[in-house]
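Right, one structure below, let's go through it.
Numbers for residues simply follow the sequence, beginning at 1. Read the numbers this way: they start at 1 and go in the same order the structure lists the ligands and their atoms. Atoms considered below: every heavy atom in the structure, side chains included; atoms not considered: hydrogens, waters and symmetry mates.
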Amino acid sequence: MTQDTEKLQLAALRDRIDDIDLKIGHLISERARCAQEVAEVKKANSDGSEIVYYRPEREAQVLRKAMERNQGPLGDEEMARLFREIMSACLALEHPIKVAFLGPEGTFTEQAALKHFGHSAVTRPMSAIDEVFREVESGAVQYGVVPVENSTEGVVNHTLDSFMDSNLKICGEVVLRIHQHLLVSEVTKTDSITRIYSHSQSLAQCRKWLDAHYPNAERVAVNSNAEAAKRLRGEWNAAAIAGEMAAEKYGLTKFAENIEDQPDNSTRFLIIGTEAVAPSGVDKSSVVIAMRNEPGALHDLLAPFQTHKIDLTRVETRPARSGNWNYVFFIDFNGHKDDERVQAALNEVSQKAADIKMLGSYPQGVL
Ligand SMILES: C=C(O[C@@H]1C=C(C(=O)O)C=C[C@H]1O)C(=O)O
């Protein structure tokens, strides 16, 4: 009797779900047709220059709205992730977007690219950060994704250096929680692991765990975590440290999970492209500023931001490669380059700076 009631109740609920899915399906198709029309309008009004289909500022607004109006029971991020995928599919209908990322397949950077653009983007692995820059510069892809800073290990210097030689712009940022796992293959003898492969950043992020659990294993730094995962093939005495995607892509087992020393370990990635991005309402900007080696240079650099009440979110120093100045600062702050306050501050800085280069204004990461 109770089994019958359960069956009836479930059947009724499943009928309701089928009805709802039907409506969702129709609505998604209607949305996709609208996106196609957007593409038609863009084409009809084109002045002959290349049409820009992907609009980072609009996408950020759509995702923020999805989160703001969400009443549960799904979490805000979960809701936004669903909309992320719907938009990704709609954009692919307008124009398939091609994205280069720091590879090989299975890296955290690939995960960041998919988190930012959704799974309808066509992603291409590159073997080095400067290759990602070159691929975008050559026009082979429209966008690139590169890591820029990790909460445990700090800045990715290759990325900052690549910006010094490039005219590409930053069009977005994405932050990824990084979980590291100790991976083994089916041939690994787990009680005789004497070598552990990983990227140097990941080895550093798991230093204490390794000291505690594998104090005598040789730590071998390789080009990427995915490369580390690949190296395991046929080595019975080796393990790799890498993320979930690498484990899945290379068919490895998690022998120990979440072994990063800091529980809030996260990495920030930048989206690079050729187009400047319009304000989305909640934006960040990045600039490189070269100062002469004079007393008070750092004060001269920072004071205008304080005067105009602009929050700095990061200040990074790199050795300058030219003889004209000594310091180069990479500065991130809240605000868009079109904001009056930002323009006023940058104007004041430029009077004291040897050189100033705007790397881009872009929507603050939503997901
Ligand atoms: C539809 C547009 O084009 C693209 C697709 C979007 C969407 O599906 O909502 C949003 C921004 C663009 O990346 C648009 O510009 O509005």
Side-chain angles (χ1 to χ4, degrees), residues 21 23-70 74 76-101 109-124 132 135-136 139-146 168-176 269-285 336-338 360-367:
D21 285 352
K23 287 182 198 144
I24 294 176
H26 284 319
L27 287 172
I28 291 177
S29 300
E30 196 180 328
R31 189 190 195 286
R33 279 191 293 272
C34 275
Q36 281 179 316
E37 279 181 45
V38 168
E40 292 309 319
V41 172
K42 284 177 188 173
K43 272 186 223 155
N45 294 290
S46 156
D47 60 1
S49 56
E50 211 186 325
I51 304 170
V52 183
Y53 292 97
Y54 171 63
R55 306 270 17 160
E57 74 286 4
R58 167 72 183 153
E59 296 209 349
Q61 288 163 349
V62 170
L63 295 178
R64 282 184 207 133
K65 275 190 227 168
M67 291 172 101
E68 278 162 21
R69 68 173 170 247
N70 180 43
L74 291 182
D76 290 353
E77 284 215 0
E78 203 63 24
M79 185 59 93
R81 270 197 326 111
L82 295 172
F83 273 90
R84 167 64 283 164
E85 289 302 330
I86 293 174
M87 267 199 298
S88 182
C90 289
L91 177 64
L93 262 188
E94 277 192 64
H95 191 77
I97 196 166
K98 285 188 230 131
V99 181
F101 67 91
T109 315
E110 180 177 17
Q111 210 176 317
L114 293 173
K115 184 179 178 190
H116 189 80
F117 289 100
H119 285 70
S120 300
V122 179
T123 52
R124 284 196 194 157
V132 178
E135 195 76 354
V136 183
V141 296
Q142 294 106 331
Y143 298 93
V145 184
V146 289
L168 292 183
K169 296 188 174 62
I170 303 175
C171 351
E173 64 167 2
V174 51
V175 178
L176 203 66
F269 299 83
L270 294 176
I271 316 301
I272 51 173
T274 52
E275 299 289 325
V277 180
S280 74
V282 187
D283 300 285
K284 284 170 80 171
S285 299
H336 191 279
K337 67 176 170 36
D338 293 354
S361 294
Y362 46 92
Q364 199 179 82
V366 182
L367 280 175

**Report entry** Under 3.5 Å donor-acceptor, R64 side chain and V282 backbone
**Finding:** yes
Query - Under 4.0 Å from ligand 1 - residues by heavy atom, chain and number - result: R31, V38, K42, Y53, Y54, R55, R58, E59, M87, C90, L91, E94
Query raised in the report: With side chains defined as the heavy atoms from C-beta onward, is the minimum distance between E77 and M67 less than 4.5 Å?
Result: yes
Query raised in the report: R33 and E30: salt bridge (Lys or Arg N to Asp or Glu O under 4.0 Å), yes or no, with the steps?
Result: CA-CA 5 Å; R33 279 191 293 272; E30 196 180 328; 5.6 Å; no
Query - Those residues that, when tested against F83, pass ring-ring contact (aromatic ring centres under 6.0 Å, His included) (two or more places apart) - result: none
Requested in this report: Drop me the distance from R55's CZ to E94's CD, to the nearest 0.5 angstrom.
Outcome: 10.5 Å
Query raised in the report: For the ring pair F269 and F101, is the centre-to-centre distance below 6.0 Å?
Result: no
